[in-house]
Amino acid sequence: MLSPPQFPTSPSFGILVVGLNGANGSVLAAAHNAQQTVSSFRGPQGQLLHPTLDGCITQKIDFGSSSISSSSSVFRGFRHLLSPDPDFSPLSLTNAHISGWDIRDFSSVGAALEKNQVLDYDLVRQLNQPSQPNQKGRLADLHAMPGVYDKRFISSEMWPEISPNAIDLQAAGTSPTSALEKIRGDIARFKAVTKLAHVTVIFSGSVEPNSSLVEQLSTKEALLGAFGIGEGDGNGNGSGNGSGNGNAMHDHPMPPSLVYATAAVLEGCSFVNGASMNTIQCCGLHDLHDNNSNNNHSYLLGTDFKAGQTKFKTSAVEYLRNNGLRPLVVASSNHLGNNDMRNLSGDSGKSTLQAKLRVKHNVFGGYGYDPPIDHKVSVMYTPLINDEKRDFVEYTSRAFLSQTHTMSTLTRCSDSVLCAPLYIDCAVFCSYFAAKKASQHDVSVALAYLFKVPEDENGLISDIDPGFMMQMDRLKQLCSKLKSAPQSASSSAFVPIAPAPAPAPAPAQVAPPPTPPPPTPQQNSKIKRKAVRAVCAGLACLDMELRGVPVPRPSSNIEDIQIFNGGISQSGGGSVAVVSKCLKRLNVFDEVVSIYAVGDDENGRVLTNFVGGGGKHAVTTIGGTTSTAVLPIYENGGRGCFFTPGVNGDLTSDELIAELERVEAANVRCFIFGYPHLLMNVVDGIGEVFRASKAHFGNGVITCLDFNGVNEKNAKDVKLENLGDVDIVHLNEDELRILSDTGVRNVDGGCDVLFEHGVKIVGVTMGKSGSYVKVNADGLGPQNLWGGKLCRFNEQFEIKGEVNSNGAGDNWLGGFVTACLIAEEVELSLSEACKFAGGVAAQHIDSATRGNRWLIFEEEDDNAKKKVEEVISKN
């Protein structure tokens with residue numbers, strides 16, 4: 001079962017991968033797609049796994065934990081460091097656009113992912129499922145654009161896989177000029193469709209042999225001349241015969257990587273050499289980059305991504321040096337069976353291996369030892385290992401009194417699982433630094449940690465320490481220097497807005513979320529958009545309502561056939577479905593993220609479609625049964641409930657926390673959890689869930705807990721000491737009596753019991769009798785909202801249609817938490833907040849207003865509703 005895609009409201013950054021069908025490219029596309037379409041999958045042993053972004057330092061929310069105080073000097077990650085910066089906050093993988101080229105013949109990127117056999121089969125299976133009407137950009141629909149190749153730069157082992165649509169630089173009628181124009185056109189179309197401010201082109205193809213042509217093209221004129229382009233406007237638009245056969249080309253073929261690099265520069269994109277050849281050393285490429293009017297702070301970076309084992313090598317040597325030892329020999333042996341190694345083993349392998357070893361041998365060149373560290377590297381093509389590299393390294397150093405110190409390490413991990421996060425991080429930082437107009441040199445130094453040999457046109461950049469930790473410090477220094485100051489109180493204040501419109505379909509060749517259409521009439525174009533977001537989690541089920549059921553008589557026989565004439569309907573039930581729909585109807589939240597469990601069945605698909613709000617997450621249990629409830633809606637407005645827990649009985653607090661931490665934390669203002677007492681594997685860990693919500697979303701988030709359905713039996717599972725991070729508790733009078741054990745009528749005393757355990761506000765709903773809300777002495781949030789106040793609200797609302805009380809309490813809670821947020825913006829009394837919440841619940845239970853797209857308030861004398869409308873519509 002797949003949860004619907006989380007379409008972002010705006011694009012963030014773009015990646016064009018040369019080698020999209022390869023292991024690295026297809027894993028990157030899988031990670032991007034999984035954030036939108038897959039909530040969980042089964043691992044090799046059947047364990048439940050999630051598509052996390054661990055290993056990706058720009059996407060991981062927090063490197064620390066809730067035990068680290070906000071004032072601690074412990075580094076908690078780049079999201080934590082830069083999240084206040086509006087140039088960094090939108091740079092989420094979910095918002096990204098990914099496409100690219102390949103020369104191999106596959107029906108789709110999804111087919112390539114399956115052939116590459118890198119990821120768990122169940123994840124690949126889900127990603128390759130056919131698109132549903134509300135699911136766009138699946139891997140089965142993503143196709144690599146035809147790439148450029150020259151057989152002299154790849155192994156003959158790969159020739160049989162070449163697509164007939166790929167551009168052969170040796171073919172009659174094909175020239176470097178036409179190939180360059182083709183790639184430029186692809187980039188230009190991608191940028192036009194996605195409307196991105198910055199795009200990064202990453203060379204992820206097989207390693208090419210080093211090119212002597214690269215070394216000869218010392219100026220932009222020489223470079224463009226090699227493509228048959230003469231003097232022009234500096235953007236590659238000069239005159240030429242198009243033959244691409246300048247003097248340099250007679251004896252030296254054009255490397256395909258230089259075609260992509262030149263096209264990227266001419267189209268104003270960053271270019272990253274993720275392989276080992278000497279492309280970045282082309283002086284003419286740097287000259288073109290520095291003198292190109294399209295260069296809106298793009299970057300040339302390389303060489304050869306430092307994925308995992310080389311990162312550790314540089315860290316280990318740094319450790320040895322910091323302990324005063326003198327590293328003498330670093331000898332490593334690694335073997336794997338991916339295309340890169342296959343290319344090295346082919347007929348062109350010797351020259352290609354020289355490019356590979358050049359980079360590896362230069363890893364420690366910056367230390368300047370005499371004699372240098374003897375860095376030995378042995379690589380072996382082992383098809384059985386596939387992409388799961390094995391790397392054994394032995395470090396030998398001179399120690400005290402010239403004694404020998406030796407240590408060894410073994411690394412085992414999929415090469416693509418290590419590389420794909422680097423593509424994301426590199427593209428994110430390029431976009432961020434471009435927005436800050438950082439210089440080429442500063443960015444080359446800051447991103448040195450990504451590459452085995454950080455180099456420019458002059459080779460190894462001299463002022464970079466080879467140590468990994470030292471390189472990371474340079475990145476942190478530049479980020480700290482460039483980040484914007486936190487937004488002022490006025491600019492960060494809560495500004496309710498109309499919800500984002502539905503997204504349009506994505507382009508065929510791109511795996512991005514689409515650009516939203518123009519605002520609807522309900523939206524005020526003068527409102528400054530701010531992504532005010534909510535998260536709802538907990539129990540969700542598929543409700544089947546039987547309307548117009550006669551009220552059971554005490555004398556009725558249980559086997560009597562009862563006739564009802566109101567009809568049958570299905571709807572999303574449980575706290576998650578009802579509250580998220582309520583919040584969306586309030587026309588205040590830009591996004592409502594829902595976290596819930598569904599089974600892999602038809603009811604699960606129906607429930608997923610019913611859940612209100614955008615940006616849905618679903619914890620899916622493969623083979624499980626979706627929770628259902630049969631609800632007789634009696635003629636007097638009351639209801640009964642017959643409930644089967646299904647997958648809710650298997651849902652764990654750890655699974656909920658994992659899903660919660662996948663949600664982008666920016667601008668989440670409230671977290672609402674419903675019915676923990678009905679989730680047997682969650683109720684003991686509910687305190688951890690709320691602690692995780694405070695740690696992830698920040699202490700300013702308002703946390704709410706709904707105890708609908710607590711009875712004498714399941715209340716025994718609820719531990720009040722778990723409520724320390726809960727701000728608002730909602731329940732009815734009987735549920736409060738049971739939980740607090742304070743007697744039938746002692747509502748006030750029951751509230752005080754919950755206050756003793758850290759709760760800030762207790763909201764008790766009483767059906768037709770209204771509500772009772774009590775606030776502890778400290779009040780809510782940093783403003784100490786309503787501290788020590790109490791409201792007994794019992795005004796009646798006019799009901800124009802039939803009464804259906806199903807979901808009344810959930811809507812009251814949705815209305816009340818919204819009023820709390822609005823009270824931070826404008827003066828709103830506790831009684832006005834209670835009246836607003838009561839009005840939301842009344843409109844929900846009234847058949848005449850239940851189906852309204854937006855909740856509408858018409859009474860002129862209702863101060864609470866007028867104030868809410870004022871905030872909703874304010875410019």
Query raised in the report: Is there any ring-ring contact (aromatic ring centres under 6.0 Å, His included) pair reaching into residues 255-301, and which pairs are they, with sequence neighbours excluded?
Result: Trp101-Tyr260

Report task. Kindly indicate whether the side chain of Val329, heavy atoms from C-beta on, has any atom under 4.5 Å from the side chain of Ile373. Result -> no

Query raised in the report: Pairs in or reaching into residues 261-283: which pass salt bridge (Lys or Arg N to Asp or Glu O under 4.0 Å), with residues at least two apart or in two chains?
Result: Arg184-Glu267

Is the side chain of [X] donor-acceptor paired with the backbone N or O of [Y] at a distance under 3.5 Å, no angle test?
| X | Y | answer |
| --- | --- | --- |
| Ser211 | Leu213 | yes |
| Asp168 | Gln170 | yes |
| Lys151 | Ser156 | no |
| Glu318 | Met469 | yes |
| Gln477 | Ala446 | no |
| Asn386 | Gln117 | yes |

Query - Distance in Å, Glu455 CD paired with Asn278 CG, rounded so as to fall on 0.5 Å steps - result: 8.0 Å

Query - Parallel, tilted or perpendicular, as decided by the 30° and 60° cut-offs, for the rings of Phe429 and Phe433 - result: parallel

Heavy-atom count around [X] [atom1] within 6.0 Å, excluding the residue itself: above 12?
| X | atom1 | result |
| --- | --- | --- |
| Lys476 | NZ | yes |
| Lys182 | NZ | yes |
| Met472 | CE | yes |

Query raised in the report: Going by an N to O cut-off under 4.0 Å, is there a salt bridge joining Asp287 and Lys220?
Result: no

**Report entry** Passing option when Asp415 is tested against Ile385, Asp391, Leu336 for side chain to side chain contact (heavy atoms under 4.5 Å, CB included)
**Finding:** Leu336

Query raised in the report: Cationic tip of Arg321 within the cone over Tyr367's six-membered ring, i.e. under 6.0 Å and within 45° of the normal?
Result: yes

